[in-house]
Amino acid sequence: GQPVASVYLATFDPPVAVPKEGETVSPHVVRQFQGRDGKTIWVSSRVTTLRDDDRPERLLGYMDVSHDITRRVQAERALRESEARYRAIVEDYQTELICRFKPNGTLTFVNEVYCRYFGKSRDELLGMNFLYFVPENERPRLIQHLSAFSAAKPVGTLEHQIHLPGDGLRWLQRTDRAIFDDRGRIFEYQSVGRDITDRKRLEAQIQAAQ
């Protein structure tokens with residue numbers, strides 16, 4: 001019996017709004033609400049018009065159906081914060097080439113050092129297969145290296161050659177880590193690499209001298 005505008009609609013942020021003229025249902029809107037304990041509750045709200053079945057032009061009222069999505073909002077926020085921290089770690093003060101890729105080789109993340117090293121933008125690299133820069137004769141060994149990962153052995157290091165456009169063959173040392181889903185299956189790899197071409201050349205010179 002109380003005015004809905006003051007005791008319900010305005011208690012949400014943004015306030016609950018009825019469908020516009022000509023609409024029968026409003027789109028889902030995420031709203032927040034302060035509970036009695038002071039905690040913020042997030043809901044997904046949708047308002048529907050209620051009309052007389054016999055006289056559709058007669059508006060009887062409105063029905064607002066809200067779902068509590070607080071846990072989802074908190075999880076999404078935590079994920080964004082975690083991703084922001086991750087990007088700060090791998091972008092700031094880094095000299096290593098850091099990337100993530102799917103089991104089929106598709107790149108899903110590259111840091112700025114990786115972009116500069118391969119002479120391509122992030123947009124160009126994302127979605128590309130990371131094996132693109134690996135010579136064909138090196139690919140089987142690299143694939144075998146990744147295929148050997150398991151929950152008992154999730155990390156491994158490998159040295160292999162790569163081909164840089166305009167710079168020829170170089171040597172890369174990579175440390176890969178398998179990332180598992182809740183079923184124990186590998187859904188992504190993370191790789192940290194560094195160029196060791198100068199070291200390889202020096203080792204070759206020492207060996208030749210000996």
Side-chain angles (χ1 to χ4, degrees), residues 28 30 32 39-44 46 66-164 169-197 199-200:
H28 278 287
V30 175
Q32 56 179 320
K39 294 183 179 180
T40 299
I41 299 171
W42 293 86
V43 299
S44 175
R46 190 170 193 171
S66 298
H67 299 277
D68 190 327
I69 58 169
T70 305
R71 288 186 178 181
R72 192 190 81 189
V73 171
Q74 291 173 341
E76 290 173 350
R77 180 177 295 174
L79 181 62
R80 288 195 298 270
E81 292 174 353
S82 175
E83 182 69 15
R85 287 195 298 269
Y86 176 81
R87 287 184 176 274
I89 291 171
V90 301
E91 294 289 4
D92 298 341
Y93 315 111
Q94 281 292 338
T95 58
E96 288 85 6
L97 289 71
I98 300 177
C99 70
R100 292 203 306 261
F101 53 91
K102 296 293 185 183
N104 64 3
T106 302
L107 287 166
T108 60
F109 173 85
V110 291
N111 70 344
E112 187 61 32
V113 179
Y114 194 100
C115 295
R116 291 199 303 268
Y117 186 78
F118 289 104
K120 289 184 177 293
S121 68
R122 183 174 278 114
D123 289 339
E124 290 175 311
L125 289 167
L126 295 182
M128 180 184 290
N129 194 300
F130 84 99
L131 292 173
Y132 176 81
F133 297 103
V134 180
E136 288 192 16
N137 64 309
E138 291 274 39
R139 293 180 184 179
R141 194 163 62 92
L142 180 51
I143 294 173
Q144 183 180 12
H145 157 74
L146 296 172
S147 300
F149 285 13
S150 64
K153 181 184 175 295
V155 182
T157 300
L158 181 71
E159 296 178 0
H160 65 87
Q161 288 184 302
I162 60 168
H163 186 273
L164 288 184
L169 291 175
R170 299 188 67 83
W171 280 92
L172 191 72
Q173 182 189 70
R174 59 187 302 131
T175 298
D176 297 288
R177 172 179 289 276
I179 302 173
F180 300 86
D181 61 18
D182 53 4
R183 296 183 180 180
R185 298 176 301 188
I186 298 175
F187 76 93
E188 202 168 40
Y189 293 90
Q190 177 171 280
S191 178
V192 179
R194 57 181 58 86
D195 189 299
I196 58 170
T197 305
R199 194 197 80 190
K200 283 290 188 180

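Just so you know, these numbers come straight off a predicted model, no measurement behind them. One-based numbering along the sequence shown.
Taking all atoms of both residues into account, the shortest heavy-atom contact from P103 to F187 is CD-O, 3.3 Å. Closest non-hydrogen pair, H145 versus T157, comes out as CE1-N, 3.7 Å. When all heavy atoms of L172 and G193 are compared, the pair lying nearest together is CD1-C, 4.4 Å.
F133 places a side-chain heavy atom less than 4.5 Å from the side chain of M128. Taking the side chain as every heavy atom from C-beta outward, E76 and W42 never approach each other to under 4.5 Å. The shortest side-chain heavy-atom distance between V113 and I98 does not fall under the 4.5 Å cut-off.
No donor-acceptor pair closer than 3.5 Å links the side chain of E138 to the backbone N or O of P135. The main-chain N or O of V134 is found under 3.5 Å from a side-chain atom of R139 such that the two form a donor-acceptor pair. Using modelled atom types, no side-chain atom of D176 and backbone atom of L158 make a donor-acceptor pair closer than 3.5 Å. A side-chain donor-acceptor contact under 3.5 Å links T108 to the backbone of R100.
For the residue pair R177/Q190, the side-chain donor-acceptor check at 3.5 Å is not satisfied. No hydrogens or angles considered: a donor-acceptor pair under 3.5 Å links the side chains of N104 and T106.
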Would T197 and D195 count as a side chain to side chain donor-acceptor pair (under 3.5 Å) if you check the C-alpha gap in whole Å, the side-chain angles of each, and the deciding distance to 0.1 Å?
CA-CA 6 Å; T197 305; D195 189 299; 2.8 Å; yes
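One finds the CD atom of Q74 at 10.5 Å from the CD1 atom of I69 (value rounded to the nearest 0.5 Å). Atom CG of L146 sits about 8.0 Å away from atom CG of L131, to the nearest 0.5 Å. Atom CG of residue L97 and atom CZ of residue R174 lie 10.0 Å apart, to the nearest 0.5 angstrom. The line from CZ of R122 to SG of C115 is 5.0 Å long, rounded to the nearest 0.5 Å. Of the inter-residue distances, the one linking H160 atom NE2 with L142 atom CG reads 5.0 Å to the nearest 0.5 angstrom. Note: N111 CG to Y117 OH = 13.0 Å, rounded to the nearest 0.5 Å.
R183 has no carboxylate O lying under 4.0 Å from a charged side-chain N of D181, or vice versa, which leaves the two without a salt bridge.
Sparse packing is recorded around OH of Y132, with 12 or fewer heavy atoms of other residues, nucleotides or ligands lying under 6.0 Å away. Counting non-hydrogen atoms of neighbouring residues, nucleotides and ligands closer than 6.0 angstrom, the NZ atom of K153 exceeds 12 such neighbours.
Note: Y114 and F118 have tilted aromatic rings, judged against thresholds of 30 and 60 degrees for the angle between ring planes. The aromatic rings of Y189 and F101 lie parallel to each other, with less than 30° between the two planes, well short of the 60° mark.
When each of Q161, Q173, E159 is tested with K200 by the rule side-chain hydrogen bond (donor to acceptor under 3.5 Å, both in side chains), just one qualifies, namely E159.
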